[in-house]
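A short write-up of the structure that comes next.
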There are 2 protein chains.
Amino acid sequence: MPTTPQNMEEHLALFEQACRAAGLRVTHQRLQVYRQLALLDTHPTAEILHQELRKKIPTISLDTVYRTLATFAAHGLINKVETIESQARFEVALMRHHHLICSSCKTIMDFQWQSVDDALLPSEVSAWGRIDTRSVVVYGICHTCLQQTPLPGK
Amino acid sequence: MPTTPQNMEEHLALFEQACRAAGLRVTHQRLQVYRQLALLDTHPTAEILHQELRKKIPTISLDTVYRTLATFAAHGLINKVETIESQARFEVALMRHHHLICSSCKTIMDFQWQSVDDALLPSEVSAWGRIDTRSVVVYGICHTCLQQTPLPGK
DNA sequence: TTACTTGCAAAGCCTTTGCAGTAAA
DNA sequence: TTTACTGCAAAGGCTTTGCAAGTAA
C-alpha cells in the first residue's frame, strides 16, 4: 500500500509527527528511508532500499537502513512482512490489507478482503488471549510466471 | 498439527511411502527427523529439533537437520512456517490450518477456520494467477503472557 | 550542550556448501 | 555396485553491534 507522489508531502508530515510523538529524532536519513519505502509497493528488502537511497544519499550505510527499519517497525510505523524467505521485507503501515505471494518470482502484492477482516474468529482463538491483528497470506503463481513456464512448480 | 504416538506407526509408514514416491532414500536420520517433528506441535526450529534428535542419534549433525528439512519442504512433506523472525520454524504438512502467534512469547498455535478456507477470494486475487494455498496468521498476546505482564507490548 | 544517530568495521547468528566417507537400493 | 546421503568443517548471507564522530533538539 504505497503513497502516490501527490500525497507524499502530507504523508511525510504525518510521519514526522508520529516520530516526534514516539520520541524519535527526525533525521534526513530517517525521512528518506520512510519516503523511499512509501514510494515502493514492492515490499523491498533492506538491501534494495539501500541501493535506491544511495542515489539520493550516497554515503548512507546499509546498517543505518537496517537500524532505521528496525526502529520504525518497533514503533509500528512500518511492518516487517512475514515470508518463508531468509531476507526480510518491509512496507509502510497504512491500510489494513493482506498479501499475495508468487511462489515463482516471489513478488508480493497487497489486496483487501473485507469479509475476512470482519469475520468472527473461531471461539478457540478468542479464548486463547488478546487478538491484535489478523493477516491472510495467499500463495500461488502469478500470470506472468504462468506464461513463462509451461509447468510451474507447486 | 502433530501426531499422537498411537498414530505414529501408520503415519511413518505413509511418510516412508511418500519418500519413495518422491525418489528420496529412507534413511534413519530422515525417519527420525520426521518422527520428531510429527511428535511436536511447537513448530520447532532446526536447532531445537537437532537438540531433541541428539538424544536418540548422538552423532546427527545440525546441517543434516537443515538439509533434511529443506528436502522435506521442497517435496511438500513438511511446511516452513512464515514468521517475521530470523529463525525458520517447521511443521508436518497434514490438515489445513492457520496460525496463532503470541507476540510476546513467540509461541505458535494451530487453529482451523473453515469459513475462511471456503470463502471466495476477492476477484482481483483470482484474476492475479493460479492460487495454491491461503493461510491466516493471527497475532496477539496469549493468556499466559497477559497474566505475567500488566501492560504487554502491542 | 546533551543525548540520540550515523558510518565504519567487525562480529554474530542462522543457514548452506564442498568433500570424503557411509549407507540405501 | 551405484548413487544418494551424512558428518565435518568451512564458508556464506543477512543482520546486529561497539565505537567514535556527527547532528537534532
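Order of the sequence lines fixes the chain letters, A, B, ..., with proteins taken first and strands second; residue numbering starts at 1 for each chain. In this text the structure is predicted, and so the values were computed from the model without any measurement.
A donor-acceptor distance shorter than 3.5 angstrom exists from the side chain of His43(B) to the backbone of Ile108(B), with no hydrogens or angles considered. No donor-acceptor pair under 3.5 Å is formed between the side chain of Arg35(A) and the backbone N or O of Leu12(A).
Rounded to an integer number of Å, the gap from Arg30(A) CZ to dT23(D) P is 15 Å. The interatomic distance linking His75(B) (NE2) with dC5(D) (C1') rounds to 13 Å, in whole Å. Here dT16(D) presents its P atom at 12 Å from CD of Glu85(B), a figure rounded to the nearest Å. Atom CG in Leu31(B) sits roughly 10 Å away from atom P in dT6(D) (whole-Å rounding). Per the geometry, NE2 belonging to His50(A) stands 17 Å off P belonging to dG13(D), to the nearest Å. Distance CG (Leu24(A)) to P (dA3(C)): 17 Å, rounded to an integer number of Å.
Proximity of the aromatic rings of Tyr34(A) and Phe90(A) is defined here by a centroid distance below 6.0 angstrom, and this criterion is not met.
At dA24(D), none of the side-chain N or O atoms of Gln29(A) fall inside 4.0 Å of OP1 or OP2 (strictly under the cut-off).
The number of heavy-atom neighbours closer than 6.0 Å to NZ of Lys106(A), taken from other residues, nucleotides and ligands shown, is above 12.
Two residues are said to be in side-chain contact when any heavy atoms from C-beta on lie closer than 4.5 Å; Thr83(A) and Glu82(B) fail this criterion. Under the 4.5 Å side-chain criterion, counting only non-hydrogen atoms from C-beta, Leu31(A) is in contact with Val26(A).
Counted by atom type alone, Ser126(A) and Trp128(A) present zero donor-acceptor pairs between their side chains at under 3.5 Å.
His99(B) and His97(B) have perpendicular rings, their planes meeting at more than 60° on a 0 to 90° scale where under 30° would count as parallel.
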Kindly give the atom pairs (protein nitrogen or oxygen, nucleotide nitrogen or oxygen) under 3.5 Å for nucleotides 12-15 of chain C.
residue: dC14(C); atom: OP1; partner: Gln87(B); partner atom: NE2; Å: 3.1
residue: dT15(C); atom: OP1; partner: Ala88(B); partner atom: N; Å: 2.9
residue: dT15(C); atom: OP2; partner: Tyr66(B); partner atom: OH; Å: 2.0
residue: dT15(C); atom: O5'; partner: Tyr66(B); partner atom: OH; Å: 3.2

Distances under 3.5 Å between protein N/O atoms and the N/O atoms of nucleotides 18-24 of chain C, please, pair by pair.
residue: dA24(C); atom: N3; partner: Arg25(B); partner atom: NH1; Å: 3.1

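Leu94(A) and Phe15(A) end up in the same hydrophobic cluster when Ile, Leu, Val, Met, Phe, Trp and Tyr side chains are linked at under 4.5 Å.
When Val81(B), Thr42(B), Asp41(B), Leu40(B) are each tested for a side-chain contact (heavy atoms from CB on, under 4.5 Å) with Glu91(B), only one passes: Val81(B). For the side-chain contact (heavy atoms from CB on, under 4.5 Å) test with Val33(B), the passing option among Ile60(B), Thr27(B), Ile78(B), Thr64(B) is Ile60(B); the others fail.
Residues from residues 51-61 of chain B placing a heavy atom under 4.0 Å of any atom in DNA chain D, listed by number, are Thr59(B), Ile60(B), Ser61(B).
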